[in-house]
Amino acid sequence: MSKLTLSPAWRALAAHREKIAAAGLTELFAADPSRAERFSIEAGELVLDYSKHRVDAEAMRLLAALAAQAQLPKWIARMFAGDPINNTEARAVLHVALRSRDKTFPEGRDVMPAVRGARERMRRFVGEVHGGVLKGADGRAITDVVNIGIGGSDLGPRMLVRAMRKFAKPGPRLHFVSNIDPDDLEAALAGLTPETTFFIVASKTLTTAETLANAARARAWLEAALGKSTGLSRHFAAVTANPAGAEALGVPPERVLPMWDWVGGRYSVWSAMGLPVALTAGMDAFEELLEGARAMDEHFRTAPLERNLPVVLALLEIWYVNFFGARSRAVIPYSEDLRDLPAYLQQLEMESNGKRVDRDGYEVDYETAPVVWGAAGTPSQHAFHQLLHQGTHLIPVDFVVIGHDGESSGARAALAANALAQSSALAFGNPAPDAPHKALPGNRASSTLLLERLTPRSLGALIALYEHKVFVEGTIWNLNSFDQWGVEHGKNLARALLKGEKSTELDSSTRLLLARMRERD
Ligand code: F6P
């Protein structure tokens, strides 16, 4: 057995679980009229109501003891100190530097001049675009910008461009292409004019097959319309930690914005990877996004464990995954503008903590990251809520709800009512003694994360909250949350298959499927 599952804090939780399993949320609420106040935390513009979780004060105390046993405060300090906590790649994990306001940070390894320099260049570029100065090969102003990237070089900017729609400045339309399936680019380019279309090639490594293939296709599309000319390079920028790769693609050096090995792809939206966000809402709004994240960083660093929003969210997940056997968590934003949040969190959480070997190289004997899934608002009610309410799986839910959005409250009331109705029905159920098929058992856990308003600042705090939650879980599960070796092998295999390498070593299923596909070519 592992040190973790043998530890006193783990055992105490396992024992307490038996007590809690016998109590229902209805009884827990009845026993404590101030439960909603006691089990909620406010941090800046976010409020977390976790009263509808199957916990009591003792459970939260024991969970905080688990975090303390894992030396969480020390790990937080190590991350903020720039220690190489990404041990399998010997890298620091410094996405927090991207939103720091410190003159020098971290101590002993100052990355701030590079961060500030990159942001300055972003500001200049955004200014050029919004000022209509950015022109294509024939001198016409750019009307459309296509971000070509995948994973962390796509999901964050894509999600935030949609979420910050209401803050959009007059400027080019943004489009996103990630899939190696040529139909993705083709659909994005349908109706666009090559002369006025600009591409951002976003890739930390610039070795990612999908992004290279789409960048090459984009160039071919431009060439077909504009002919082979050096002017084509005016249609490209790149964001990368591999400037030589960008040069090889023909991107002019002044249009290559930097990334660094101390920023993980899925933690990179705060860097120049966020360029599409800044192009949509302007650089000031982008800075507000960073401010929101910075406020969450400060909260994470300083709030006591039991009142610490990312810590509490992480502990609740551990409670269900490790002590109740939950295998998934649903994320349901009641905001159409946040509809891409579940996809974003899938990468953030599952690529970070979807692991079975701990930091010391041992296979774990406890469950780690659950499957994260979900969809926005009331359409999700008509798709999968049946299973949430009456199915056989335990699926804790994160409801993300916006308080006000500047529109008349009447127009929004139905949305809020639906969100609250779901969390209440999950928690308290609905007995139907004469019709068991109608009965909702209740006692189903959910968090409600309330954003006062959907602003760049509250969004920054929300994303940083989930980033830190992932880190807390990784710390307790003794995982390195910052590598992703599992993705590499599949990529290599695809490469080999494409080249036709080692076909004799292929498994018979792959061989047969390949042969069938070739027959139909
Ligand atoms: O999916 C694996 C991955 O390495 C992610 O971690 C990363 O966000 C994505 O590929 C894209 O990588 P890059 O930015 O280097 O193209």
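When reading the values below, keep in mind they use all heavy atoms of this one structure, side chains included, and skip hydrogens, waters and symmetry mates. Both counts, for ligands and for their atoms, begin at 1 and track the order of listing.
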Here the gap from Phe167 atom CZ to Thr280 atom OG1, rounded to the nearest 0.5 Å, amounts to 12.5 Å

Indicate the atoms forming the closest heavy-atom contact of Pro194 with Ala225, along with that distance.
CG-CB, 3.5 Å

Ser178 versus Ile150, closest heavy-atom pair with distance:
O-CD1, 3.3 Å

Which distance, rounded to the nearest 0.5 Å, do you find between the OG1 of Thr455 and the CD of Glu45?
4.5 Å

Are any non-hydrogen side-chain atoms of Glu247 and Pro253 less than 4.5 angstrom apart?
no

Least distance between heavy atoms, Phe482 atom then Asn86 atom
O-ND2, 3.3 Å

Counting only heavy atoms and a distance below 4.0 Å, can you name the residues contacting ligand 1?
Ile150, Gly151, Gly152, Ser153, Ser203, Lys204, Thr205, Thr208, Gly265, Arg266, Gln347, Glu351, Gln484, Val487, Lys491

